[in-house]
2 protein chains.
Amino acid sequence: MDEESLQNALKTAEILCAQRGVRFTAQRRRVLELVCRAERPVGAYEILDQLREGATAAPPTVYRALDFLLEQGFVHKLETLHAFIGCTHPEHPHASQFLICSDCGRVKELENEAIAGSLRTAAQETGFKAERPIIEVLGTCAHCRRKTEQAGTSPRVPLE
Amino acid sequence: MDEESLQNALKTAEILCAQRGVRFTAQRRRVLELVCRAERPVGAYEILDQLREGATAAPPTVYRALDFLLEQGFVHKLETLHAFIGCTHPEHPHASQFLICSDCGRVKELENEAIAGSLRTAAQETGFKAERPIIEVLGTCAHCRRKTEQAGTSPRVPLE
DNA sequence: AGCACTACTGTTATAATATTGCGAAAGGTA
DNA sequence: TACCTTTCGCAATATTATAACAGTAGTGCT
Ligand SMILES: [Zn+2]
Ligand SMILES: [Zn+2]
Ligand SMILES: [Zn+2]
Ligand SMILES: [Zn+2]
């Protein structure tokens with residue numbers, strides 16, 4: 001996330017917390033900033049390491065902050081990576097989908113109504129009440145595909 | 001999984017392994033049986049506890065067997081639960097969706113083409129090559145909804 | 001059968017992720 | 001101020017997963 005988006009995310013979080021009557025403490029702000037500043041999803045212990053620069057911190061510190069940020073919808077958890085990522089549109093609640101590149105590690109958050117809709121429909125057909133849909137697609141992003149395919153089109157050398 | 005489905009699953013696994021030229025060892029068979037016999041997804045250490053009844057076993061034992069069964073498509077891993085479940089149609093490779101009841105813990109495996117298709121389309125639009133889609137929906141199954149709603153329709157007692 | 005080769009297994013240790021419990025501090029309310 | 005609730009610091013521990021290495025068993029070849 002670039003500097004501008006980051007500042008925007010922090011400001012948005014601050015406003016939303018005020019509206020919701022919850023506290024946007026320095027600790028929580030700091031963790032949100034660290035998550036958003038990263039290019040890729042970050043693990044809880046990576047955040048912890050960064051929190052420890054200058055201060056003292058233990059796992060509960062970061063997990064509590066993350067729990068709060070998750071509840072407020074400011075960050076998402078990627079279950080397949082055990083890692084966290086800043087939300088790109090925290091203003092409104094949403095069920096999003098994540099495209100995770102196994103090559104470069106970058107993640108794109110989608111908010112695709114067709115996917116969400118077909119999932120709702122399928123769930124309803126079985127009488128299931130969907131509350132928290134998790135959609136994470138591992139694969140290769142456009143950028144990394146180009147890299148790889150160009151490499152692949154160079155004269156093939158037989159193995160050995 | 002009932003006894004008949006279980007026997008069927010084991011037989012199918014055996015045949016597929018023979019076709020594929022891989023070994024369906026006693027260890028792997030045992031783990032598949034334990035996973036399939038369960039009503040709900042089972043964690044690796046639950047399996048381990050059961051393996052330990054009578055024999056000696058350590059984490060790598062169960063994780064290695066599970067890795068094999070996952071590769072062969074005989075079981076699935078539920079990332080949100082850190083648990084494993086027997087596949088209901090291991091004959092053909094597939095990307096399925098899981099409806100996970102937070103109440104009773106039971107899981108239904110869907111193979112819904114509309115969902116898979118809309119996901120493929122959305123991914124392609126961004127140039128992303130989808131390789132492993134993970135779709136897990138937490139919610140409440142039809143059975144548990146009925147239970148809860150009936151309870152809800154009984155005369156409401158104000159809280160405190 | 002004997003032998004080499006590979007795949008599988010046992011064992012120990014350790015890494016990585018996450019939670020519990022408790023008491024102190026800070027922030028809001030009257 | 002006193003009172004109550006939420007957050008935080010801290011230590012311990014639980015849960016999930018992997019690494020490294022040595023031994024065993026199956027497989028194919030002669
Ligand atoms: Zn989001
Ligand atoms: Zn990439
Ligand atoms: Zn399946
Ligand atoms: Zn249920």
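This one's a predicted model, so the numbers in the text were calculated from it and none came from an experiment.
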With a 4.0 Å cut-off, would you call A:Glu136 and A:Lys77 a salt bridge?
no
Whole-Å distance, A:Glu46 CD to C:dA15 P, equals 17 Å
Which of B:Ile100, B:Thr80, B:Leu81 passes side chain to side chain contact (heavy atoms under 4.5 Å, CB included) with B:Pro41? Answer is B:Leu81
With a 4.0 Å limit, can you tell me whether A:Thr61 has a side-chain N or O closer than that to the phosphate oxygens OP1/OP2 of D:dC10?
no
Rounded to the nearest angstrom, tell me the gap between atom CG in B:Leu51 and atom P in C:dC8.
17 Å
Would you mind reading off the distance between B:Gln27 atom CD and C:dA7 atom P, rounded to a whole angstrom?
18 Å
Take atom CZ of A:Arg28 and atom P of C:dG27, then tell me their distance rounded to the nearest Å.
12 Å
Could you work out, with ring-ring contact (aromatic ring centres under 6.0 Å, His included) as the rule, every residue matching A:His82, not counting sequence neighbours?
B:His82
Using whole Å, report how far CD of B:Glu71 lies from P of C:dA7.
12 Å
Starting at CZ of A:Phe24 and ending at P of C:dG27, how long is that distance when rounded to a whole Å?
16 Å
Is any side-chain nitrogen or oxygen of A:Thr25 closer than 4.0 Å to OP1 or OP2 of D:dC8?
yes
What heavy-atom pair brings B:His94 and B:His76 nearest, and what distance separates the two atoms?
NE2-NE2, 3.2 Å
Short side-chain to backbone donor-acceptor contact, A:Arg106 and A:Cys141, under 3.5 Å
no
Whole Å only: how far is the CZ atom of A:Arg29 from the P atom of D:dT7?
17 Å
One character per nucleotide, please: for nucleotides 13-29 of chain D, 5' to 3', B when the base has a protein heavy atom closer than 4.0 Å, S when only the sugar-phosphate does, - otherwise.
---BBBB------S---
How many Å lie between CG on B:Leu66 and P on C:dC8, as a whole number?
15 Å
Atom pairs and distances, donor-acceptor, side-chain atoms in residues 42-58 of chain B, under 3.5 Å, two or more places apart:
| residue | atom | partner | partner atom | Å |
| --- | --- | --- | --- | --- |
| B:Glu46 | OE2 | B:Gly43 | N | 3.0 |
| B:Arg52 | NE | B:Ala57 | O | 3.0 |
| B:Arg52 | NH2 | B:Ala57 | O | 3.1 |

Within less than 4.0 Å of OP1 or OP2 of D:dG9, is there a side-chain N or O belonging to A:Thr56?
no
Looking at B:Phe128 and A:Val137, what are the two nearest heavy atoms and their distance?
CZ-O, 3.6 Å
